[in-house]
Amino acid sequence: MVSLLKKLIGSRNDRLLKQYRKMVERINALEPEIKQYTDEQFAAATLELREAYQQGKSLDSLLPKAFAIVREASVRVFGMRHFDVQMLGSIALHNGKIAEMRTGEGKTLMATLAVYLNALTGKGVHVITVNDYLARRDAEWMGRLYNFLGMSVGVVVPQQDNAEKIAAYQADITYGTNNEFGFDYLRDNMEYRAEDRRQRGLHFAIVDEVDSILIDEARTPLIISGQAEDNTELYIRMNVLPPMLTRMSEEPRPQEPEPEGDYWVDEKNQQVHISEAGHVNAERILAELGLLPEGESLYDSRHISLMHHLMLALRAHNLFFRDQQYVVQDDEIVIVDEFTGRLMSGRRWSDGLHQAVEAKEGVRIQNENQTLASITFQNFFRMYEKLAGMTGTADTEAYEFQEIYSLETVIIPTNRPMQRLDQNDQVFKTDAEKFHAIINDIKDCHERGQPVLVGTTSIENSELISNRLKEYKLPHEVLNAKQHAREADIVAEAGKPGHITIATNMAGRGTDIVLGGSIARQVAEIQTNPDLSEQEKQQQLEAIRAEWLPVNEQVKQAGGLRIIGTERHESRRIDNQLRGRAGRQGDPGSSRFYLSLDDSLMRIFAGDRVRAIMERLRLPENEPIEARMVTRSIESAQRKVEARNFDIRKQLLEYDDVANDQRKVIYAQRNEVLESSDISETIASLRVAAITRMFRDFVPEESMEEQWDIAGLTATLESTYQISMPLAEILENETNVTEEDLLERVLEQSRVQLEEKIQTVGQPNWSNFERAIMLQSIDMQWRSHLLSLDHLRQGIHLRGYAQKDPKQEYKREAFALFSDLLDRICDEVVRVLMTVRIQSPEAAEQIEQEKPVMENVRFHHSDYDAALSGEDPGIDELPVDEVPRVGRNDACPCGSGKKYKHCHGRIN
Ligand code: ADP
């Protein structure tokens with residue numbers, strides 16, 4: 001089936017290339033005309049093209065001219081003329097596809113054509129690089145070209161302030177890493193003012209090394225987490241209050257004297273309601289405790305959070321009991337699952353309830369970390385109107401790109417024929433024999449003056465080889481994947497005669513190994529030196545080249561770059577990446593993988609077969625087996641692992657899709673609130689919804705009067721929304737009052753009450769206040785919802801026993817949770833607005849400024865944390881075959897400090 005697919009893709013690929021070639025002919029035909037341009041004419045031409053676009057011309061129709069202009073500009077700025085194959089690649093990008101081009105074919109320059117064309121829209125083009133170093137380098141390097149063309153370039157990197165970020169996103173073209181773009185998106189959705197948002201829409205992104213971002217990193221989402229403001233003190237002080245207030249023996253009933261007491265408990269809804277008397281008492285005690293200034297009301301806008309804490313304390317004391325809802329264990333409150341009775345270690349009630357219970361039990365109050373926002377790369381990049389990618393190795397994953405991202409892969413031919421010699425794998429019986437052979441190969445290259453790049457699958461193995469080389473006094477460099485700038489320096493030297501460089505998979509990608517060493521930096525320095533005349537520049541450039549050429553020739557004679565693989569990766573693509581570093585632009589080069597039966601891939605998938613072969617051949621020690629058959633059986637093992645990983649990613653995505661749809665809804669709502677100056681209509685409909693819902697709890701639709709609980713309704717309206725209405729009296733005195741009429745009256749009363757409040761503070765202040773409350777409530781409820789989804793996902797596999805499809809169950813329950821979330825936002829906003837007392841316009845403004853304080857805000861992604869702290873991340877993802885060996889309760893090997901089952905183990 002695979003080969004059939006290949007054939008189909010193959011012929012489709014040819015057809016596409018044929019189309020693209022026609023386009024290239026049209027571009028080339030324009031070259032003589034554009035050669036006549038003066039330097040100044042390029043920026044003017046850009047303006048013309050922009051105008052043509054504004055007047056309705058499609059980008060497709062502008063493509064030939066735009067590409068021709070960029071090519072000529074590049075000749076003037078860099079002295080590099082885009083090859084025709086680079087044109088092909090960039091046409092693919094413009095068409096929203098993945099251009100697969102071999103390493104060293106010049107993807108950085110290739111992309112400029114499609115970037116320029118799409119930037120004509122003025123909507124912003126994002127170029128995604130693998131690390132910050134490359135983002136800066138490419139923005140600066142290619143920036144010279146774009147500036148020449150009259151376009152602006154920005155770069156986004158961590159630790160920029162907001163103004164810099166906003167400016168960078170305003171540019172026609174913005175460079176940055178996937179992490180930075182993703183985190184900025186999340187940050188924008190946590191802002192409290194529209195003007196603080198950084199991004200201006202997601203229009204077109206070109207993702208460099210698209211396979212590593214959309215496939216390798218697909219399993220680790222971006223997460224922003226933080227701690228709520230530390231209110232430990234407040235929880236403890238508030239905890240003394242509930243025992244000082246009295247609980248009513250029963251709910252109050254109208255027309256009957258109110259029972260003695262300060263509050264009553266609504267067990268059905270897990271709520272506590274405070275009576276008028278309770279309110280007065282609470283205010284008095286709070287004032288005595290120094291928590292509430294004398295003479296101020298708990299309903300004041302300033303004291304919303306105090307009120308929240310009071311309710312938490314009352315709920316903790318009246319609805320949650322030790323050894324029923326929770327147990328106390330090792331100075332911690334552990335929740336008991338209400339259905340199964342199991343202990344739910346590590347889980348916490350949200351919204352401060354857990355802390356209130358901790359205060360009640362006198363255990364340590366934990367200010368837990370909360371997920372504030374999170375997204376996976378898949379879902380982030382799928383939001384772009386148009387997405388394109390480039391890489392040296394997409395072919396093996398073409399199916400996944402198509403299936404999941406609807407991205408088609410186009411394989412672009414090389415500019416010059418490939419000359420690299422890929423030798424068959426050599427398989428040894430033991431690791432010791434394998435490493436012996438590797439060292440011999442390295443030594444041989446070194447002595448013959450051939451540069452060699454040794455690829456390993458782990459940092460540990462890199463060190464192992466490095467130590468061996470030290471024993472033999474062989475000079476070498478080790479690429480550390482986290483020092484990108486230094487890495488580029490090492491790579492620039494890696495092609496010099498006899499140089500030895502060791503690298504783990506990702507290290508040094510995006511920088512090109514040039515035979516004889518790279519002189520790009522010296523060239524750039526000369527070209528940009530303002531003190532040199534054109535003639536001097538030419539002379540110096542020639543001198544450098546003259547020095548470099550014989551070295552380059554020497555390395556070619558020695559066989560070009562030699563690639564040595566020390567283990568097969570579980571994915572063929574990663575192996576191809578390593579091989580791809582040799583044989584650039586028609587250079588000579590060779591590659592070989594050394595394996596042993598001890599390698600994990602061999603052990604698990606191909607070992608028995610290969611061992612049997614080796615034994616049959618009775619190979620002596622240090623004698624490897626090297627046969628096409630063995631290489632093939634290893635490849636088929638890799639295919640199996642790839643398929644399994646694909647399934648895992650797809651599963652994960654299906655789960656994530658649920659959260660993603662909900663996130664889109666919430667963020668869209670949030671943005672609407674941010675962008676409109678007046679949300680009173682929204683608030684009005686929330687008010688109607690919330691009050692109607694409450695009303696219907698007591699007076700069900702189409703019910704008989706006997707079924708109505710007017711007493712309950714009256715009391716609850718009063719305690720929740722401060723709506724006091726003599727409903728029983730109304731019903732008694734007036735005949736023919738239907739339930740509809742009653743609801744109408746309640747709604748009308750709520751409208752009037754709100755209207756009065758607006759009059760006191762003035763419409764503009766009130767509008768700001770509404771917006772602030774709405775945003776706070778969306779954010780708070782969304783965060784606790786994220787936690788619930790997490791718990792749901794962790795627990796859902798238990799349902800499997802009941803013969804239900806966990807994914808379907810998850811979807812169903814997540815939907816239910818989401819509609820609860822929307823109800824909660826609605827209820828909370830309306831409750832706060834109905835009950836709040838604002839003395840003066842200033843008080844309203846004060847609330848508006850109150851963006852909830854979060855402490856210790858952290859940005860998590862395997863790479864990102866490490867990049868910020870300068871540490872090595874270690875393992876960020878477990879090879880699949882390692883998974884069963886970690887106990888569910890062991891610490892997760894990724895180093896997060898969490899238990900395995902709560903971290904990477906969750907996937908299983
Ligand atoms: P890739 O990312 O495809 O591996 P790079 O973008 O790093 O390759 O480019 C490799 C090298 O080729 C760079 O030094 C670049 O300057 C050079 N190069 C790219 N395109 C051209 C061209 N059209 N003419 C001359 N040199 C080029």
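Quick note: residue numbers are just sequence positions, from 1.
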[X]: which residues meet the salt bridge (charged side-chain N to carboxylate O under 4.0 Å, His left out) condition with it, sequence neighbours left out?
X: Arg144; value: none
X: Glu433; value: none
X: Glu397; value: Arg573
X: Arg136; value: none

Sub-3.5 Å donor-acceptor pair from the side chain of [X] to the main-chain atoms of [Y], do we have one?
X: Thr504; Y: Thr457; result: no
X: Gln423; Y: Ser590; result: no
X: Glu105; Y: Arg102; result: no
X: Thr177; Y: Val130; result: no
X: Gln419; Y: Gly586; result: yes
X: His499; Y: Pro451; result: no
X: Asp598; Y: Asp431; result: yes
X: Gln450; Y: Gly560; result: yes
X: Glu180; Y: Val156; result: no
X: Ser596; Y: Phe428; result: no

Taking atom [atom1] of [X] and atom [atom2] of [Y], what is their separation to the nearest 0.5 Å?
X: Leu88; Y: Ile412; atom1: CG; atom2: CD1; result: 5.5 Å
X: Tyr133; Y: Asp138; atom1: OH; atom2: CG; result: 9.0 Å
X: Asp208; Y: Thr108; atom1: CG; atom2: OG1; result: 6.5 Å
X: Ile438; Y: Arg592; atom1: CD1; atom2: CZ; result: 11.5 Å
X: Ile98; Y: Ile206; atom1: CD1; atom2: CD1; result: 12.0 Å

Give the minimum heavy-atom separation between [X] and [Y], together with the two atoms involved.
X: Leu214; Y: Leu407; result: CD1-CD1, 4.1 Å
X: Leu479; Y: Ala503; result: CD1-CB, 3.7 Å
X: Ala582; Y: Leu561; result: CB-O, 3.7 Å
X: Gly455; Y: Thr566; result: O-OG1, 2.9 Å
X: Phe183; Y: Ile223; result: CE2-O, 3.7 Å
X: Thr396; Y: Asn576; result: CG2-ND2, 4.2 Å

Could you check whether any side-chain heavy atom of [X] comes within less than 4.5 Å of a side-chain heavy atom of [Y], counting everything from C-beta outward?
X: Val641; Y: Ser571; value: no
X: Phe646; Y: Ile404; value: yes
X: Gln577; Y: Asp211; value: yes
X: Tyr472; Y: Ile442; value: no
X: Pro475; Y: His446; value: yes
X: Met390; Y: Glu100; value: no
X: Ile213; Y: Phe381; value: yes

Before you tell me yes or no, could you show the steps for Thr430 and Leu597 under side chain to side chain contact (heavy atoms under 4.5 Å, CB included), namely the whole-Å CA-CA distance, both residues' side-chain angles and the distance that decides it to 0.1 Å? CA-CA 6 Å; Thr430 63; Leu597 293 179; over 6 Å; no

As a quick check of understanding, evaluate side chain to side chain contact (heavy atoms under 4.5 Å, CB included) for Tyr175 and Met142, giving each step before the final call. CA-CA 10 Å; Tyr175 282 83; Met142 294 299 128; 3.6 Å; yes

Which side-chain N or O atoms in residues 517-526 pair as donor and acceptor under 3.5 Å with protein atoms at least two apart or in another chain?
from   : atom 1 : to     : atom 2 : distance (Å)
Ser518 : OG     : Ala520 : N      : 3.1
Arg521 : NH1    : Asp489 : OD1    : 3.4
Arg521 : NH2    : Asp489 : OD1    : 3.2

Are side-chain N/O atoms of Asn461 and Glu567 paired as donor and acceptor at under 3.5 Å? yes

Between Thr112 and His82, do the side chains contain an N or O donor and an N or O acceptor separated by less than 3.5 Å? yes

Quick one: side chain to side chain contact (heavy atoms under 4.5 Å, CB included) partners of [X], sequence neighbours excluded?
X: Lys470; answer: Ser466, Asn467, His476
X: Arg584; answer: Asp512, Val514, Asp587
X: Glu463; answer: Ile459
X: Arg468; answer: Phe435, Ile439, Glu471

[X] bridged to [Y] by N-O distance under 4.0 Å:
X: Asp422; Y: Arg420; answer: yes
X: Arg572; Y: Glu642; answer: yes
X: Asp599; Y: Lys434; answer: yes
X: Arg568; Y: Asp575; answer: yes

Among residues two or more places apart or on two chains, list those pairs meeting salt bridge (charged side-chain N to carboxylate O under 4.0 Å, His left out) that have a residue in residues 542-560. none

Applied to residues 439-462, the salt bridge (charged side-chain N to carboxylate O under 4.0 Å, His left out) test, sequence neighbours excluded, yields Asp441-Arg562, Asp444-Arg448

Phe181: which residues meet the ring pair (Phe, Tyr, Trp, His ring centres under 6.0 Å) condition with it, sequence neighbours left out? His126, Tyr169

Heavy-atom count check: over 12 atoms from other residues, nucleotides or ligands less than 6.0 Å from Glu140 CD? no

Stepwise side chain to side chain contact (heavy atoms under 4.5 Å, CB included) check, Ile215 with Phe401: CA-CA 9 Å; Ile215 291 185; Phe401 282 124; 3.7 Å; yes

Please step through salt bridge (charged side-chain N to carboxylate O under 4.0 Å, His left out) for the pair Arg632 and Glu635, ending with a clear verdict. CA-CA 5 Å; Arg632 262 208 309 270; Glu635 273 174 11; over 6 Å; no

